[in-house]
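For reference, the structure discussed in these notes is given below.
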Protein chains: 2
Amino acid sequence: MGIGKIAAQVAHASLGLYRNLIHDRNMTEELGAWEEYGEKKIVLKGTNDVHLQELQKLATEKNIHSYLVRDAGRTQIPEGSITVLGLFGEENLVNTVSGKLGLL
Amino acid sequence: MGIGKIAAQVAHASLGLYRNLIHDRNMTEELGAWEEYGEKKIVLKGTNDVHLQELQKLATEKNIHSYLVRDAGRTQIPEGSITVLGLFGEENLVNTVSGKLGLL
C-alpha cells in the first residue's frame, strides 16, 4: 500500500473504534479524558493479518476495546484484507498487547 | 514525518472532522449516507501549511466542512505545525477544492 492508502486505513480504524466507544456508556469518562489530553494516537507495525487477529484476540481477553479494519478492496489490495487493528485504553494496559511492536 | 506519524495526523483530521459533523444536525443525513456506503477516505498531498490554509479558506467559501490539524509538537515536528486538512462532502463539490492534488 502507498502512504496515503495506509493513512486512510489507520483513519478507518480510529473512526470505527471511536464510533463504538461513543456508544458505550462505560467508556464516556475514559474517552473524555483521552480527548482532553490531546487524543494521543500511536501507529505501530504488525506482521500480517494473522498477527493482527491474534493481537485482537489477546486484547479481547484483557477487555481492551479494539477494531479490525477489513478493506473493501477497491484499490491496491484484495477485498477483505485485514489492514489495521485499532486499540483503545490506558497506555500501560494497551502496551501489554502492542508494547513490543515498533513504530511504523 | 515518518509513515506512522503521517497516518496518525490523518486520523486526527478524520476524527476531528467526524466529531464536528455528528454534532451538526444539518449533516446527519449526509453523514449517514457516507457511513452506509463504505466511508470513502482519500488522502491527497498538499504543498505546505500556507497551501492547506488557502484550501481551507476556499472550502469555507463553498460551505464545505473542514478540519485543520495543528500538531502538539511532542514528536518529530515543531508545536503548532499544520499537518493535515480534512474535508467532508459530496465528491464533486470537494473536488472543486482538492481535485487537482495528487494521491499521497
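Just so we're on the same page: letters track the sequence lines, and every chain starts at 1.
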Item to check | Under 4.5 Å from any heavy atom of chain A - which part of B:Ile42 | outcome: neither

Next on the checklist: Can you give me the closest heavy-atom contact between A:Val43 and B:Ala7, atom names plus distance?
Outcome noted: CG2-CB, 4.2 Å

Checklist entry - Hey, any chance A:Leu93 and A:Phe88 share a hydrophobic cluster, counting ILVMFWY side chains that come within less than 4.5 Å of each other, even indirectly? => result no

Checklist entry - Is any side-chain heavy atom of A:Ile22 less than 4.5 Å from a side-chain heavy atom of B:Ile22? => result yes

Item to check | B:Leu87 with B:Leu68, same ILVMFWY side-chain cluster at under 4.5 Å | outcome: yes

Checklist outcome for this item: Here the gap from A:Leu15 atom CG to B:Leu15 atom CG, rounded to the nearest 0.5 Å, amounts to 6.0 Å

Can you check whether chain B and chain A share any donor-acceptor pairs under 3.5 Å, and give the atom names and distances if they do?
unit_1   : atom_1 : unit_2   : atom_2 : d
A:Gly4   : N      : B:Leu104 : O      : 3.1
A:His12  : ND1    : B:Lys41  : NZ     : 2.6
A:Arg19  : NH1    : B:Glu35  : OE2    : 2.7
A:Arg19  : NH1    : B:Glu39  : OE2    : 2.7
A:Arg19  : NH2    : B:Glu39  : OE1    : 3.4
A:Arg19  : NH2    : B:Glu39  : OE2    : 2.3
A:Glu35  : OE2    : B:Arg19  : NH1    : 2.7
A:Glu39  : OE1    : B:Arg19  : NH2    : 3.4
A:Glu39  : OE2    : B:Arg19  : NH1    : 2.7
A:Glu39  : OE2    : B:Arg19  : NH2    : 2.3
A:Lys41  : NZ     : B:His12  : ND1    : 2.6
A:Leu104 : O      : B:Gly4   : N      : 3.1

Checklist entry - In the single-linkage hydrophobic clustering (I, L, V, M, F, W, Y; side-chain heavy atoms under 4.5 Å), do B:Ile6 and B:Ile82 co-cluster? => result no

Checklist entry - Are A:Leu21 and A:Ile64 linked, directly or through other ILVMFWY residues, by side chains that come within less than 4.5 angstrom of each other? => result no

Next on the checklist: With a 4.5 Å cut-off on side-chain heavy-atom distances among I, L, V, M, F, W and Y, is there a chain of contacts connecting A:Leu101 to A:Val10?
Outcome noted: no

Item to check | Contacting moiety of B:Ala72, where chain A heavy atoms sit under 4.5 Å | outcome: neither

Checklist entry - Between atom CG of B:Leu104 and atom CD1 of A:Ile3, what is the distance when rounded to the nearest 0.5 Å? => result 5.5 Å

Checklist entry - So which part of B:Leu103 gets closer than 4.5 Å to some heavy atom of chain A, the side chain, the backbone, both or neither? => result neither

